[in-house]
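Structure first, commentary second.
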2 protein chains.
Amino acid sequence: MRYPFADRVKKFKSSAVRDILSVIQKGDVISFAGGMPFEDFFPNEAVERAFSKVFQSGKSSMQYGLTEGFMPLRELLSDQLKQQSMRFDAENILLTTGSQQAIDLFSRAMLSPGDVVLTEDPTYLAALQVFQSYEAEIIAVESDEDGMDPDDLEQKMRQYRPKFVYIVPTFSNPEGKVWSAERRQLLLNLAQRFNVLIFEDDPYGEIKFDDQKEFTPIAAFDEEGTHVVYTSTISKTVVPALRIGWVAGPYQVIRMMAQVKQCSDLHSSSIDQQALYYLLQDFDLKGHIRMLREEYYKRMVIMQDYLKKIESDSISWIEPQGGMFLWVTLGEQVDTTVLLMDAIKEGVAYVPGAPFYVANPRVNTLRLNFTHATPELIQLGMDRLTTVLNRLQPGNESPPIL
Amino acid sequence: MRYPFADRVKKFKSSAVRDILSVIQKGDVISFAGGMPFEDFFPNEAVERAFSKVFQSGKSSMQYGLTEGFMPLRELLSDQLKQQSMRFDAENILLTTGSQQAIDLFSRAMLSPGDVVLTEDPTYLAALQVFQSYEAEIIAVESDEDGMDPDDLEQKMRQYRPKFVYIVPTFSNPEGKVWSAERRQLLLNLAQRFNVLIFEDDPYGEIKFDDQKEFTPIAAFDEEGTHVVYTSTISKTVVPALRIGWVAGPYQVIRMMAQVKQCSDLHSSSIDQQALYYLLQDFDLKGHIRMLREEYYKRMVIMQDYLKKIESDSISWIEPQGGMFLWVTLGEQVDTTVLLMDAIKEGVAYVPGAPFYVANPRVNTLRLNFTHATPELIQLGMDRLTTVLNRLQPGNESPPIL
């Protein structure tokens, strides 16, 4: 039987790169491709104690819960957001199955076919897939190292009247970039002037290498709480398997997203939400995050030191101030998708940069993750990658197509 | 700011009845409105032991998981489905956040605006909301006590060329009805002839009062595994808070639903999926379900005995052979939405039947849940409901509008 799928999913492509990467995860290849945290750092004992508290709290903890999520956790998250100058009450917060679901519910509530979303370029691949699945038109705004270009942004807001602007302003995926405070304020000003919502995706903000630096979320600039919808998650700082994210924003928007979520799955696992609530009460999460920052910083430095030793004038990268990724640009002639086959033969993998682009993919870019492997494996993997990259000497920059 | 929501959510209505029912849950009203299992029956100790096993299994159990779900659980579910003559391999199974998400992912994969879905009438309210949210046209097929009327079904398949037929053939919600084996086979024959998919929603099938009776799922009739997508859940038999459902079907359909799920939330809680896997290995679920059947049967009988004593010729109901609901029809003149205010004043609540209908709502129907309250509370609540219903004597059938 031929199955008559909906128009919205007909554009789904199977990704050749994803297929390759899923295969190599079983072999002897060191992968810098995924976006996973380091498993040995997972606070399993604390998570287990938190679950015990859920079971001790009685059988009603196992019953159906609210679509919006476990209220005490929403209250606790509201307090934490307020400490970061984001004035969201518990009623303005919806608990989701990871922040991916926050992106999806928001898009489903906002996007009709043909609506425009403005994004950075490159940006988070799985967000692009969500916008495409609702048949939105994605328009990339020009950016530099401080964030979106204000002139291009203003011009595109005027021209396209977008439904919203999607950004990852702090340690972006894939670039690991940080927006300046000025650009954050400017984006908010434009959003207010053109009556456009900002969707601020902040999964990595806590993983910053310099404790003294403050990267104020755009939601904190939005004093009236009308123009920014903010999402974050515990997937990077506690454990991914709980799949708990949250999204905070104007009450009307959160209310509509909750109605969409009711259609979607009634509610997320409330056992997990209750466990996270007890965990956040009893566990020194701040201390845990301090440890993560230090350890991930060490790994990033090891990786970057290898890049510094590559014998090429055409390699460049953005030095991360936090997050999980190192974004590397090679010589113009190099296609990192072709080069990937070479790298895998050498026993190392990364993600080619092209799929992260909305328009005009730069095929000579690649993303390296520095949080998932041990320092030893990073060294071994970077040894291998150096071998591959050093082969890209002038006159030798086109690797064989396999 | 006015938020420019998507067309697809503009039809979402806030439900006056839901608002009333959410308020009364805080008061001294006995509610037969929800569809919840009885909390004292939750096997908390077994669930807690299962979670301990997850934590003992090591830190990699806390890492990101597969979109399709925890493979050993899918294999175990495949074995169970095969015992019920449904030949789905693990690759044909996707784990979801409750069976609600299965309905949603399937609809999102299949429905373009204007596509037709055929349903029973009345049927599961939250499924109708999903279909509406994807702007489908819902067409009700005429039914009797054995299932859909074959002539009307054939005529509507021919006329509308639907994308799929949605049914709850075993202890339906809200009617608690069971399709005959003949009608199941007939529906499958028509689906094969017209190349239409059947979405078989089976959350209640395990809760059958007569252990000897077999209600073969339609998916088991579909020997080639091409025309039926089948979903079930542990929410009614183990605990709802885990939010674990599964959906099984033709590989191409499940593959597409997994791609949709990747957009939706990457994956559901894999801690919970692993816990369910250990639970199903160690816990006597069959014995547990036998206990539930007996206990829920007792409650149903208590509730029905009250209905039998109502002094009215115009009351009728379907005697449930399982499931969670008693569907009651009152005299033609009664509007159960109006009557609900009267009932709440008396200290008892139910769900009016009208919202469950696609076309021509029968306003004189109501749904009673018999699984959530203790036998004592069922008696007290039914005492109160009897008082309200006995007031509906001839010449007295229009309750005051409040």
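Every chain is numbered from 1, with letters handed out A, B, ... down the list of sequences. Keep in mind that what you see is a predicted model, and the values were worked out from it rather than measured.
There is no contact between B/S99 and chain A, counting heavy-atom distances below 4.5 Å. If you measure heavy-atom distances from A/F55 to chain B, the contacts under 4.5 Å come from both the backbone and the side chain. Heavy atoms of A/Q192 lying under 4.5 Å from chain B are absent altogether. For B/H372, the part lying under 4.5 angstrom from a heavy atom of chain A is the side chain only. Heavy-atom distances place no part of B/T96 under 4.5 Å from chain A, backbone and side chain included. Proximity to chain A is absent for every atom of B/E224, based on heavy atoms less than 4.5 angstrom apart. Of the atoms belonging to A/V47, heavy atoms from both backbone and side chain fall under 4.5 Å from chain B. Using a 4.5 Å cut-off between heavy atoms, A/Y134 contacts chain B through both its backbone and its side chain. The parts of A/T226 that come within reach of chain B are both its backbone and its side chain, each placing non-hydrogen atoms under 4.5 angstrom from that chain.
Judged purely by atom type and a 3.5 angstrom limit, A/K59 has no side-chain atom pairing as donor or acceptor with the backbone of B/F41.
Closest heavy-atom contact between B/S235 and A/Y64: CB-OH, 3.4 Å.
Ionic pairing of B/D104 and A/R108 is present here: one or more N-O contacts between side-chain nitrogen and carboxylate oxygen are shorter than 4.0 angstrom.
For the pair B/S60 and A/F42, the minimum side-chain heavy-atom distance is 4.5 Å or more.
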With side-chain contact (heavy atoms from CB on, under 4.5 Å) as the criterion, how do B/R243 and A/L266 come out once you've worked through the C-alpha distance, each side chain's angles and the decisive distance to 0.1 Å? CA-CA 9 Å; B/R243 303 292 305 126; A/L266 298 185; 3.5 Å; yes
